[in-house]
Amino acid sequence: MAAAGRCISGFRNSESTKCFTHISAAASSTSIRHWICFSRQKVHPPCSLSMNGCEGDLSVPVGTIETRTLPPVLTPAMATDRLSSAVSELKSDLPPSSSGIIRFQVPIQQQIEAIDWLHAQNQLLPRFLFSGRRKTGGSDFSVDYANGNGSSHSSVGRGFVSVAGVGAAVYFRHFRPFSFADWRSIKRFLCKSCPLIRAYGAIRFDAKADISTEWETFGSFYFMVPQVEFDEFDGNSVMAAYVVWDNTLSWTWRKAIDSLQTTLDKVAVFIVKLKKEVPKAVVPSNILHCPSEEYWDIAVNKALQMINRDSSALTKVVLARSSRINTITDIDPVAWLSCLQVEGEDSYQFCIQPPDAPAFIGNTPEQLFHRKQLNISSEALAGTRARCGSRALDHETEMDLLSSPKDDLEFTIVRESIRRKLEAICSWVLVDPQKAVRKLSRVQHLYAQLKGRLRSQDDEFDILSSLHPSPAVCGFPTEEARLLIAETERFDRGMYAGPVGWFGGEEAEFAVGIRSALVKQGLGALVYAGTGIVKGSSPSLEWEELELKTSQFTKLLRLEASVLRAVK
C-alpha cells in the first residue's frame, strides 16, 4: 500500500459491498501530519478515484448538486410512494451531467421522531442517527415546496431536531488518519445552496493505534450520505432520497437509480413510537472491566507519578475503561438509545452502524464544535459530580465542584487549550461564561462556552484537526498524554472520544463521542467511560466517577446480580 494509503468512497445499496471507490493521494515529502486522526498536505497533488478499473479526478467538481422538493403528504407511507414515483420517473430522463447528487424531499405534515423511523428500518444497513440538543434548539432550516404547479411556495421545517438515514448513496472510509484530501472528497458532494445535503459519520480517537476486531469495519473514519433519510423538525417531518452518480467511476445515472429503488422498496412505512422503557435484556452476574479496579489503581498512580515529576510537562491525562456487558438476550441498540434520550435533552444522541458491524451509540453532553458560515462555537467540559435527590444537597454538591482546586485545575487546562486553538484560526474569541456548572439529569460538570469568528470558511478541516483531541478526552500536553494512554490502556477506544457529527455545505457540527457504547448482536455491549487525572486525583474517587458515567447504560438493563468480576 502506498504511504498515503487509499480511501474507500463507496456507492452501493444496503446489501451489496461490491461497488466501492478507492481515493488515493500520493505522499508528499512536505506533508505535515497531526499526531491523531488527521493529516494535511501543504502541497496537494491531484487525487485520483477509481471504480471497477475506471479513473476519475478529485479536482473535478461534481456536475450537479440539487434539491428537489415534492408536494407535502400526510404520512411516511405516502412519502415513500411519492419518492419512489419521482425516482422511477428519472429512468426516462438523460442525466443532467456526468456526475452529481440530487436530493428528493417530501414534507410530512406531522412530527414523527427520527429515532422511531430508524427503529422500523431494522433490516437496512448502513444506518445512522444524529440528534441535536433539544433544550438549546436546532438549526433553523426551512423547506420550500411548490403547491403542485410550481407557482407558489410555503415554508415548513422550522427547528431542526434529529436526522436518521439508511443505505449509502456514497460513503468514505479508510484505515489511515483522516486527511485534508479526504475532507475535500466529502465536500465535493456538498454545497451551500443545498444545506440539508450532509455527510454523517465519525473518526477514531487515535488513528495511529491498532484497530481491534470489534472496530475494524469502521476504519479510521466512516462517513456516509444516505440513500434514504428522515428529518425530524419541530412540528413536522421530511423524508428524502438521494441519487448520486459519477460516470468516471462507472457508477452511472441508471445504476444509482436502480440501487436507490431497491432500498426504497425495503423501507418500512409503518412507524411505531418507541416506549422508551427498560429493554428486556437479561445480564449475567458479571460485568467485565478492562482494566480491573486493581490495575486501574496502578495506572492512575503511574500517571500521577509522571504528573508530579519536575522534569515532566504532563499536567493532565484522561484514562478510560471498557466494560463488557454480556447479555442472554440481544440488546436492540436503537431502543437502548431511545431510552437514553429520556435523560438526554441537553445532550447529543448518535448511532452509527456500517454493514456487518456493531452499532456505536451514545448520549454525549460535549460539543466539539459547531460552525455556521464564519461563526464557530465550542465548549469546555470537565469535572464531574453526581446529581442529588434534594435541591439543597444538589446545590451543596454544585458549590463543592465550583470550589474544588483539583477540578478547577482540570477544567482550566481544557478551557485554555480550546481558547488557544480557536485563537489560531479566528479573528476574535469570546469565553462566556468563564466557569459555570452545567447540570444534566445524572451528573453535573464545570462548563464554559467559547465563540469565535473564523478568518475563512475553508478553515473547517483545521478546526476539526486542531480541536480534536481536546484535553477533556486526552490530556495536556496532547502528545505526552497520548503516549501515556497508548502505553497504559489495554483496549481499543475506537470511535469512543472521537468526533461524531456531520459536514454540510456551509455548516458542520461535531460532538465528542463519550458516554457511548458498542452494541453487537450476540455479544452484548462494550460501554466506555473516562476520567481526567491531574495533580490531587484519587484512584478510588476516579473509579467511582467511571461507575457514575456508565450508570446511564447499566441502569437500563435488568441485572440479575450486582457482582462485578474484573479482567486485567
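Counting from 1, the numbers follow the sequence of the chain as shown.
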F130 and Y348: aromatic ring centres closer than 6.0 Å?
yes
Do F178 and F223 have ring centroids that are under 6.0 Å from one another?
yes
Parallel, tilted or perpendicular for W336 and F553, by the 30°/60° rule?
perpendicular
Who passes side-chain hydrogen bond (donor to acceptor under 3.5 Å, both in side chains) against R127, sequence neighbours left out?
Q353
Would you say the ring centers of Y447 and F411 fall short of 6.0 Å from each other?
no
With under 30° as parallel and over 60° as perpendicular, where do the rings of Y528 and W215 fit, or are they tilted in between?
tilted
So that I can tick it off, tell me whether D182 and R176 are bridged by a salt bridge, with the cut-off set at under 4.0 angstrom between side-chain N and carboxylate O.
yes
Would you sort out whether E416 and R419 count as a salt bridge (charged side-chain N to carboxylate O under 4.0 Å, His left out), showing the intermediate values?
CA-CA 5 Å; E416 292 308 297; R419 179 182 61 79; 2.5 Å; yes
Please determine whether a side-chain nitrogen of the Lys or Arg among R515 and E366 lies less than 4.0 Å from a carboxylate oxygen of the Asp or Glu.
no
Sequence neighbours excluded, the answer for side-chain hydrogen bond (donor to acceptor under 3.5 Å, both in side chains) partners of E66 is R68
Axial cation check for F172 ring with R188, 6.0 Å and 45° limits:
no
Would you call R482 and E479 a salt bridge, using N to O less than 4.0 angstrom?
yes
Would you mind checking if E113 and K273 are paired as a salt bridge, meaning a charged N to carboxylate O distance below 4.0 Å?
yes
Which residues share a side-chain contact (heavy atoms from CB on, under 4.5 Å) with K520, sequence neighbours left out:
P358, L523
I'd like to know whether the aromatic ring centres of F360 and Y496 sit less than 6.0 Å apart in this structure.
no
Does a side-chain N-to-carboxylate-O contact under 4.0 Å join R438 and E379?
yes
Locate the shortest heavy-atom distance separating I65 from C191; write the atom from each residue and the value.
CG2-SG, 3.3 Å
Do I485 and R493 have side-chain heavy atoms sitting under 4.5 Å apart?
yes
